[in-house]
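Here is the structure we will look at.
Here is how names work: the chains are called A, B, and so on, in the same order as the sequence lines, proteins then strands, and each is numbered from 1.
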Amino acid sequence: MIEITLPDGSKKKVEEGATPVDIAKEIHPALAKEVLSARVNGEIVDANRHLYADANLELLKWDDEGGKKAFWHSSAHLMAEALEDLYPGVKFGIGPPIENGFYYDVDLGGRELTPDELPEIEEKMKEHAQKKEVFERQEVSKEEALNFFKQKGDEYKLALIDELDDGDISFYKQGHFIDLCRGPHIPHTGYIKAVKLLNIAGAYWRGDENNKMLTRIYGITFPKQKELDDYLEQLEEAKKRDHRKLGKELDLFTFSDKVGPGLPMWTPKGAIVRETLQAFMRKEQERRGYKPVITPHIAKKDLYITSGHYEKYGEDSYRPIQTPHEGEEYMLKPMNCPHHCEIYKSQMHSYRDLPYRVFEFGTVYRYEQSGELNGLVRARGFTQDDAHIFCTPDQLKAEFTNVIDLIMVVFERLGFGGFTAQVSLRDPHDQENYIGSDENWQKAENAIMEAAEEKDLSTVPEYGEAAFYGPKLDFMVRDALSASLAFCWSIVAAICLFGSPLNKWLFCPSMTK
RNA sequence: GCCAAAGUAGCUCAGCGGUAGAGCACUUCCAUGGUAAGGAAGGGGUCAUGGGUUCGAGUCCCAUCUUUGGCUCCA
């Protein structure tokens, strides 16, 4: 007998080799039907994994993230099984669960998949689901794993296995389908009652554009048909609230092929909305000691070479424009920071002048790849509410808290309730790409975190997301229907400028609109 | 940029080799005191752009532009 400790602290004696589902059955038979996966000593495992030692056990159901992930991951396998039936010889890349559903990257060997074929795949999935095929886990050696996929001729899985350590490789089998997989999975396919394949897209193998493009099939599944219906209805509702659709219907902004892609134009009605928002932002900032400034739309290339932006982004920017006679190179302003620094430098400043705060509704232009453009969310010309604060190191934290206050006021007024705040830090494995001393980075990162803590702001640290010149505090806002159109705004970048001759700290709270 | 799909009336879309269509919207007229209610008539489209095939091209082919869904990236 082994002893299992449940989340409420109660303990249960069960037979050695019992599974989480067995234990759920003992608690209540109905519960067993809802268990999708389990957390055993902190690790998420299959709901029918055999337990041979005392453990802490948490049963995960649909309402738990771990349960959902197992469900959707299993759904990806179910889809793969269906695909293998319908398209013999299909090869598989990766097929993970995602925030809403799952996808699988497949190589159909040059064959193109059309959306018309998706219902057929859905039917096949349901067919296998009804058979209640059990997900069986098998531990395999690296050699066995390689042999299996060599024989199958799936070079993608071979590449994946290649990177795994021997002794840490497992297969999962349901029906006739066997896949390389870490798990965990739900007990059997019968849990999947409702299936919808949503769209098809190209995706590079391993996200590298030099690699072959695979076909990515997105889908979602639910334990109940009603849940799928509700989800699809929610998607429809989200579509109705698509800013591109509303922008057209309400006559707020427009695009023109002649003006160019990604270059929105605000119509009279849209301009009213925008002006109103700007007036609000201006007032809030002026009352906090920010002074408005105005800067030109172009600047000498040298400005961005000095700032370091040219080296970092120059290749992917609009090419410089030249003066007709002298051939001097000017760039469209991709950001306002260097301009604001020049304004600061135009006069001598005493420490008593600090903090020095300026802001601008600065329109900037950035080249974005054509495939990336998306309404006002990703445009080639857009206006930032961009502010810069010059302050001394010991003012850093106070300024940070002030900025957080400002953001909270704005969010509250705009009704952005459900935001998340992310502290974007350096990539610990790649210190090369950042300018400035380690010491200064430490100071800046600490100031952000201390300020966030002081304001009771719960933040998520994200390594490798910092700008090259400083850590950021990013606020991500979702639209009204968070389940679907989860678009994020990197609304505020709080930045410290190092290596600057000013030897002062610079903040750059900016909001994009 | 890459893969895929798409671009026909103000909007949503049908037509897929033989003289441009529907619904909604719009205009005019009629009807109408009862909760998004009707009837009649009418205006409106070089069917994204440029080439090609054909007796004949929204319709087939090629190129370009733009949009959509993803991939990659985002100061």
Side-chain angles (χ1 to χ4, degrees), chain A residues 93-94 98 101 103-108 110-118 197-219 235 239-240 242 244-246 248-251 254-264 299 303-305 307-318 331-341 362 364-375 377-380 382 384 386 388 424 433-435 464-470 472 474 484-485 487-490 492-495 497 506 508 510 512:
Chain A
I94 57 166
I98 52 176
Y103 67 80
Y104 219 125
D105 285 344
V106 302
D107 180 354
L108 293 162
R111 196 181 178 295
E112 275 167 20
L113 198 65
T114 66
D116 309 338
E117 294 170 71
L118 295 179
L197 301 185
L198 297 162
N199 48 40
I200 302 171
Y204 299 109
W205 168 235
R206 314 208 123 175
D208 183 340
E209 63 186 338
N210 298 311
N211 287 341
K212 183 164 179 180
M213 176 148 316
L214 305 178
T215 304
R216 176 169 296 180
I217 307 171
Y218 285 89
L235 279 187
K239 272 189 196 160
K240 287 182 197 165
D242 187 321
R244 292 169 296 194
K245 183 178 159 74
L246 292 175
K248 191 187 262 188
E249 283 174 1
L250 300 176
D251 187 19
T254 186
F255 290 89
S256 152
D257 287 3
K258 289 206 171 66
V259 171
L263 298 170
L303 180 66
Y304 301 104
I305 292 176
S307 73
H309 290 98
Y310 188 78
E311 190 190 352
K312 186 89 177 166
Y313 299 103
E315 282 304 305
D316 299 315
S317 305
Y318 281 114
M331 299 195 68
L332 278 169
K333 180 166 75 177
M335 42 151 21
N336 306 297
C337 323
H339 291 78
H340 290 184
C341 286
V364 296
Y365 302 91
R366 299 175 184 178
Y367 170 76
E368 300 289 355
Q369 296 190 102
S370 57
E372 279 307 319
L373 300 172
N374 176 291
V377 175
R378 180 66 75 83
R380 286 179 175 169
F382 58 96
Q384 303 176 309
D386 203 357
H388 293 88
S424 299
N433 273 320
Y434 304 97
I435 59 168
E465 292 294 312
F468 72 95
Y469 46 73
K472 296 190 289 178
D474 293 321
S484 46
L485 279 177
F487 77 94
C488 303
W489 286 346
S490 204
V492 170
I495 299 168
L497 184 70
L506 170 76
C508 170
S510 71
T512 300

Practice problem: Compare the aromatic ring of A:Tyr313 with the six-membered base ring of B:A75 and state whether they stack according to the 5.5 Å and 30° rule. | Solution: yes
Quiz item: Could you give all pairs that pass the salt bridge (charged side-chain N to carboxylate O under 4.0 Å, His left out) test and reach residues 255-264 of chain A, with sequence neighbours left out?
Solution: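 Listed once each, the pairs would be none.
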Exercise. Would you indicate which nucleotide in B:C73, B:G70, B:G1 comes nearest to any side-chain atom of A:Met213?
Key: B:G70
Self-check item: Pairing residues for A:Tyr313 by the ring pair (Phe, Tyr, Trp, His ring centres under 6.0 Å) criterion, not counting sequence neighbours
Solution: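 Partners of A:Tyr313 under the ring pair (Phe, Tyr, Trp, His ring centres under 6.0 Å) test: none.
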Exercise. Mind checking ring pair (Phe, Tyr, Trp, His ring centres under 6.0 Å) for A:His340 and listing every partner two or more places apart, or none if nothing turns up?
Key: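 Only A:His388 meet the ring pair (Phe, Tyr, Trp, His ring centres under 6.0 Å) criterion with A:His340.
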Enumerate the protein-to-nucleotides 62-66 of chain B contacts in which both atoms are nitrogen or oxygen and the separation is below 3.5 Å.
| residue | atom | partner | partner atom | Å |
| --- | --- | --- | --- | --- |
| B:U66 | O2' | A:Asp257 | OD1 | 3.3 |

Quiz item: Do any side-chain nitrogens or oxygens of A:Tyr103 fall under 4.0 Å of OP1 or OP2 in B:G69?
Solution: no
Quiz item: Looking at residues at least two apart in the chain, or sitting in another chain, which of them share a side-chain contact (heavy atoms from CB on, under 4.5 Å) with A:Pro334?
Solution: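 Residues passing side-chain contact (heavy atoms from CB on, under 4.5 Å) with A:Pro334: A:Tyr304, A:Arg366.
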Exercise. List in chain and number order the residues that pass side-chain contact (heavy atoms from CB on, under 4.5 Å) with A:Asn374, two or more places apart in sequence or in another chain; answer none if no residue qualifies.
Key: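 By the side-chain contact (heavy atoms from CB on, under 4.5 Å) rule, A:Asn374 matches A:His243, A:Arg244, A:Val377, A:Arg378.
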Quiz prompt | B:U66 pairs with, by Watson-Crick or G-U criteria that keep both distances under 3.5 Å | solution =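 Across any shown strand, B:U66 pairs with B:A6.
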Across the strands shown, which category fits [X] at heavy-atom distances under 4.0 angstrom: base, sugar-phosphate, nothing?
{"X": "A:Leu198", "value": "nothing"}
{"X": "A:Gly207", "value": "sugar-phosphate"}
{"X": "A:Ala201", "value": "base"}

Quiz item: Just by distance, do the side chain of A:Arg380 and the backbone of A:Tyr367 share a donor-acceptor pair under 3.5 Å?
Solution: no
